[in-house]
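See below for the structure under consideration.
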Amino acid sequence: MKNYLRPQIRSVLDALGDVPDDFEIELEEPDRPEHGDLATNTALRLASVLGDNPRSIAERLAERLREQVDPSRIRSVEVAGPGFINFRFAQDYLFDGLADLLAEGDTFGQTDVGAGQSALVEYVSANPTGPLNVGHGRNAVLGDTIANLLDWTGYDVTREYYYNDAGRQMRVLAQSVRTRYEALAGGVPTTTRTLDDGTTVEVPETFPEDGYLGQYIIDIAEELYEERGDALLSTDDLTPFREAAEEALFADIEQTLRRLSVEMDGYANEQALHDDGTVEAVLDGLTDAGLTYEADGALWLKTTEFGKDDDTVLVKQSGEPTYRTPDIAYHTTKFERGYDLMIDVFGADHHAAYPDVLNALGALGYDKDKVDVVLYQFVTLVRGGEPVKMSTRRANYVTLDDLIDQVGADVTRFFFLMRSPDTHLNFDLELAEEESEKNPVFYLQYAHARICSILDKAEEVGFSHDADADLSLLIHEDEIALIKELLRFPQALQNAADNRAPHFVPNYLRDVATAFSQFYDNCRIIGEEDALASARMRLALAAKTVLKNGLTVLGISAPRQM
RNA sequence: GCGCCCGUAGCUCAGUUGGAUAGAGCAGCGGACUUCUAAUCCGCAGGUCGCAGGUUCGAAUCCUGCCGGGCGUACCA
């Protein structure tokens, strides 16, 4: 409708004269129903340009618009307040929209702005050093939903998980497994470590200083010992330990993600970027661009040229690259694969690092504007008022699996999605367990289940509605309100996708569920006279469709009964 | 010190490109089930939008400066 009205207003402005060609016509949905279905502030913004008072400009515009607009779409054009022009939709427009919605069914909400374009969404990207934590959960759910949103807006989407398997972190992991393995073979003296939270852990004396203390390391070592016995004691090679750990931990991670309906299309890892020379090529490229120099035995990137206070190390004294270097290399492979849009989902702790990556890509000749970084603020777990730290290196922390066990996958996803990525998330576990019944996700699911129940009931009493029902019978205030709400769905998804703001969707769906519940409360279906009952059944089906489609985008189930 | 995020009802948070009387859920109070699911609906109460300036027809929203909280500011990832 906006696309219909905009040219209409433009032509009226042209007739008025003296209005710049690049004047942008803003149309918005007013908060209050008495302000119509759409409103424009054009007259207000033209007041200074035309040197006239906004009210009189609005009157002139409205008069011409009334003569010009299609009455089957726009019912009224009114001037209100300081000079707003309010439009009201013709009811036929709503009924036609409702019919279209029903015809589209489970694809309603899809748009094609991204058609012909490919997008790569990189998310989770946790290194396989332990079970996923709650922060990873937020990442996974945000990334997955953004991918869904891009999918629904027409993009050809690829979901990818990148991890560092070549650096120090994995070496420490392997050493952790190794010392545990050696302990199993016997004769290894142990020592006691005291953790930040005051608890103590018994570890072999050879256990690395910053080793991984979790029980899962011991499990992996035990499995390895069962398979190989003492065979690995004589070797200095860490590879079998690293591989065993990586394999076991990845299996866990994938399992956890699957519980949240997160399925990646592919994985990328750092080692491959070393093996195929991509890292080397990036270093060469940056050097050719004159952006590197050697100092103190390390290779530096001149990030000061990008406005930073200090330069940044690309390759350490030890000859090992910092994590930034393969990160840049990884991104070049995204570009080389030809994606039109690349989205990275990172925790807020990365905000200082990604500009280096983007600037380096720009220096290498890539269009860095195609990369969009979604940063989310941290999740703080709180249990009984006590904050729970989420360091992977510590032994006891609440895992994502624990969370899913406690509140379920639907609640977990919804909780992470219902608020802006910019908002710090305080997750009180006790509250979540105790109040999961009150979680807003159940409100949406309940509305869906209710509609299913109506369908069951109709079948039970032998009422079959007319698929060609006369929708123009839907003139009750709550029916009209519900139709309007339902028709906003495609735009709601579009806004969510454009702004990388998944939380728009839960907010919108809550409004849908509210509008449906009000309709349900005031408008009976079964038992009404057949034509009206049929029309209302069609409306209920439309609501079910939007709820179902919306929940699908969020990766949340839409149960038939609760 | 510098960079980023946040500060809106008792609590948790919405408020897309600046719009008309700032919203929702929870908690509180009061109503509504002989009816298709009361996990619902209706009503009441609850606010110096952190503070102070500025920009303009109009600011929770944009700009500047403060205050408070978080995260960064590694040859850790």
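We name chains A, B, ... by the order of the sequence lines, and we start the count at 1 in each one. Quick caveat: nothing in here was measured; it's all calculated off a predicted structure.
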Using the P atom as the reference point in each nucleotide, state the distance between B:C44 and B:A22 in Å, no decimals.
16 Å

Is any side-chain N or O of A:Tyr443 closer than 4.0 Å to OP1 or OP2 of B:C41?
yes

Quick check: any donor-acceptor pair below 3.5 Å linking the side-chain of A:Asn41 to the base of B:G19?
yes

Assign each of A:Asp521 and A:Asp309 the nucleotide of RNA chain B bearing its closest heavy atom; nearer the 5' end lies the nucleotide of A:Asp309

Give me the distance, rounded to whole Å, that separates B:C66 from B:G7 when you measure between the C1' atoms they each carry.
14 Å

Per the atom types in the model, does the base of B:G72 pair as donor or acceptor with the side chain of A:His350 at under 3.5 Å?
no

Pairwise distance OH(A:Tyr123) to NE2(A:His136) - rounded to 0.5 angstrom
14.5 Å

Does A:Lys544 make a side-chain N or O approach to OP1 or OP2 of B:C36 shorter than 4.0 Å?
no

I'd like the C1' distance from B:G54 over to B:A59, given in whole Å.
11 Å

Distance check, P atoms only: B:C71 and B:C41, in whole angstrom units.
38 Å

Donor on one side chain, acceptor on other, A:Gln518 and A:Asn522, under 3.5 Å
no

Rounded to whole angstrom, note down the P distance from B:C49 over to B:A27.
27 Å

For B:G28 versus B:U64, give the span between their C1' atoms, rounded off to a whole number of Å.
41 Å

